[in-house]
Chemist: 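Have a look at this one before I ask anything.
Just so we're clear, the structure is a prediction, and the values are computed from it rather than from any experiment. Quick note: numbers below take in every heavy atom, side chains included, and nothing from hydrogens, waters or symmetry partners. Sequential numbering from 1 along the given sequence is applied to the chain's residues.
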Amino acid sequence: MTVVETSNIELFPEEARAALDRLTHVASTALQGRVYSIGPALHLVPSRHAVFQGSFQGQDAVFRLTLSAEAQATTTKEWDELARAWAYMNTATLTVQEPLFHAPEAGLTITALAKGEGLLTALWRLPSEERSAPIARSADWLRKFTAPTQEWRAPNRRPWRSWAEKAAEKQPHDSLRNVESRVFQKMKKLYRQIDFPEWRVALAHGDFHLNNLFWDGQTVTAIDLGATNHAPLYKDIARALVHMARRGMLPSGSRRFGVDAAAFEAFTKRFEFSDQEENGFLPYFICFEALIKVEHPNMPQARLDHAEAMSNALLDDLKQIT
């Protein structure tokens, strides 16, 4: 379920203070002989991880500390994925955070601080006519990131449809549940239409949206790379497009499959999509992303309005192809 976007540091102040105490203790042991400082908390997921800003060996840095044994088990995988990506994404203007230090037994990871701010946040301050270029850079970043691992595989369509159906059943808002039920019916029809021999997969970002890309006006730096698995290429693209649309970010003023039409075109052109990818696989995953995001019962009305408008526009375009 999507959580109302209030800082968890504000929602869980005691947990944040406890995480700082734990990080201070862990760092005093794991970082002996190294120069570092720990600054303010940036993010907290209770029982998962806490993130703090600071410095390490003279560099602005981010300290990430796991808060449970379950979360700690994924730390090494996440570190390995960051190291893999850093090997070919270590230069401007498309990069990832530099890995600086990892203590797996302590659940501590230190990376270089990404410069700038979340790209989606930055877009709101730009005039509409200046937003297309940064959005295109996000497509460039994903193309560079996925290029070494792209391959064609037999598609595995069913799990995505099943996950979308289960999520849609949990939607607490009547207006959204009504339109999403119709979107799911179209998704089922599309499922039958995209029974092609292969689709493109790659090692995915996993949570690819524009605020997980930091932008300083020139360089795009990705954060929050997970313990990546192979996934359909269209999944990350749909995640970014739907994330924008459900927040009202529509720079072109027009839509395609519910999302910004120009952003849709930027990704499909950058990846040189075939017709079946552009009008089959990608819409299928836009359906998935629209349905998988179960909005919080107390979600602000403006966010609900954006989500409903996106789903209605998606439904209209799906009617043209199913």
Side-chain angles (χ1 to χ4, degrees), residues 7-10 12-13 15-119 121 141 144-145 203-209 211-216 218-229:
S7 168
N8 275 355
I9 298 166
E10 298 174 19
F12 304 100
E15 289 85 344
R17 280 191 286 271
L20 176 58
D21 290 343
R22 181 173 173 180
L23 175 59
T24 300
H25 173 72
V26 166
S28 67
T29 301
L31 300 179
Q32 284 186 4
R34 296 174 174 86
V35 178
Y36 70 92
S37 64
I38 299 170
L42 298 175
H43 186 59
L44 171 73
V45 179
S47 300
R48 293 293 300 172
H49 61 259
V51 182
F52 292 81
Q53 188 171 337
S55 66
F56 179 75
Q57 301 288 78
Q59 277 189 263
D60 291 335
V62 173
F63 293 71
R64 181 184 175 109
L65 181 70
T66 58
L67 301 178
S68 68
E70 179 185 4
Q72 188 167 335
T74 67
T75 300
T76 298
K77 292 181 180 179
E78 292 172 348
W79 177 262
D80 289 346
E81 170 56 19
L82 181 59
R84 180 196 71 82
W86 177 251
Y88 65 97
M89 301 208 56
N90 57 26
T91 57
T93 57
L94 304 169
T95 187
V96 297
Q97 290 174 284
E98 180 182 358
L100 299 177
F101 181 84
H102 179 47
E105 69 287 348
L108 174 64
T109 300
I110 305 175
T111 58
L113 180 70
K115 295 181 179 179
E117 61 183 337
L119 180 52
T121 301
W141 185 91
K144 180 180 178 182
F145 176 72
L203 286 175
H205 180 287
D207 190 18
F208 184 69
H209 60 75
N211 266 348
N212 272 342
L213 298 176
F214 268 52
W215 186 60
D216 64 1
Q218 292 184 324
T219 295
V220 175
T221 304
I223 65 172
D224 283 357
L225 295 183
T228 301
N229 295 310

Chemist: Just so I know, are the side chains of Ser37 and Phe63 near enough to count as touching, which here means a heavy-atom distance under 4.5 Å?
Modeler: no

Chemist: Using salt bridge (charged side-chain N to carboxylate O under 4.0 Å, His left out) as the criterion, list what pairs up with Asp216, not counting sequence neighbours.
Modeler: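 Counting only residues at least two positions away or on another chain, Asp216 forms no salt bridge (charged side-chain N to carboxylate O under 4.0 Å, His left out).
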
Chemist: Could you pull out the closest heavy-atom pair between Ala85 and Phe145, with the gap in Å?
Modeler: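 Heavy atoms only, the tightest pair is CB-CE1, 3.8 Å.
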
Chemist: With side chains defined as the heavy atoms from C-beta onward, is the minimum distance between Thr76 and Glu78 less than 4.5 Å?
Modeler: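 No, their side chains stay 4.5 Å or more apart.
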
Chemist: Within this structure, what is the OG1-CG distance for the pair Thr219 and Leu213, rounded to the nearest 0.5 Å?
Modeler: 12.0 Å

Chemist: Who passes ring pair (Phe, Tyr, Trp, His ring centres under 6.0 Å) against Phe52, sequence neighbours left out?
Modeler: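 Phe52 satisfies ring pair (Phe, Tyr, Trp, His ring centres under 6.0 Å) with no other residue.
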
Chemist: Asn212 side chain to Phe208 main-chain N or O, any donor-acceptor pair under 3.5 Å?
Modeler: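 No; zero donor-acceptor contacts below 3.5 Å.
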
Chemist: Tell me the closest heavy-atom pair linking Leu44 and Ala50, and the distance in Å.
Modeler: CD1-CB, 3.9 Å

Chemist: For Arg34, enumerate each residue passing the salt bridge (charged side-chain N to carboxylate O under 4.0 Å, His left out) test, keeping only those at least two apart in sequence or located in another chain.
Modeler: none

Chemist: How long is the gap from CD1 on Ile38 to OG1 on Thr24, to the nearest 0.5 Å?
Modeler: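 OG1 of Thr24 is found 4.5 Å from CD1 of Ile38.
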
Chemist: Using side-chain contact (heavy atoms from CB on, under 4.5 Å), reason through Thr74 and Thr66 one step at a time and then give a plain yes or no.
Modeler: CA-CA 9 Å; Thr74 67; Thr66 58; 5.8 Å; no

Chemist: If we only count heavy atoms from C-beta on, is the Arg64 to His43 side-chain gap below 4.5 Å?
Modeler: no

Chemist: Is it true that a side-chain atom of Gln57 and a backbone atom of Val35 form a donor plus acceptor pair closer than 3.5 Å?
Modeler: yes

Chemist: Just verifying a value: how many Å separate Leu225 CG and Asp80 CG, rounded to the nearest 0.5 Å?
Modeler: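 Reported to 0.5 Å precision, the distance equals 12.5 Å.
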
Chemist: Roughly how far, to the nearest 0.5 Å, is the CG atom of Leu65 from the NE2 atom of His25?
Modeler: 11.0 Å

Chemist: Mind checking side-chain hydrogen bond (donor to acceptor under 3.5 Å, both in side chains) for Asn211 and listing every partner two or more places apart, or none if nothing turns up?
Modeler: Thr121

Chemist: Does some side-chain heavy atom of Thr75 sit less than 4.5 Å from a side-chain heavy atom of His49?
Modeler: no

Chemist: Mind checking salt bridge (charged side-chain N to carboxylate O under 4.0 Å, His left out) for Arg84 and listing every partner two or more places apart, or none if nothing turns up?
Modeler: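 Partners of Arg84 by the salt bridge (charged side-chain N to carboxylate O under 4.0 Å, His left out) criterion, ordered by chain and then number, come out as Glu81.
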
Chemist: Give every donor-acceptor pair under 3.5 Å between a side-chain atom in residues 93-115 and any protein atom, sequence neighbours left out.
Modeler:
{"from": "Thr93", "atom 1": "OG1", "to": "Arg137", "atom 2": "NH2", "distance (Å)": "2.3"}
{"from": "Thr95", "atom 1": "OG1", "to": "Met89", "atom 2": "O", "distance (Å)": "2.6"}
{"from": "Gln97", "atom 1": "NE2", "to": "Thr111", "atom 2": "OG1", "distance (Å)": "3.3"}
{"from": "Gln97", "atom 1": "NE2", "to": "Ala112", "atom 2": "O", "distance (Å)": "3.1"}
{"from": "His102", "atom 1": "ND1", "to": "Leu108", "atom 2": "O", "distance (Å)": "3.3"}
{"from": "His102", "atom 1": "ND1", "to": "Thr109", "atom 2": "OG1", "distance (Å)": "3.4"}

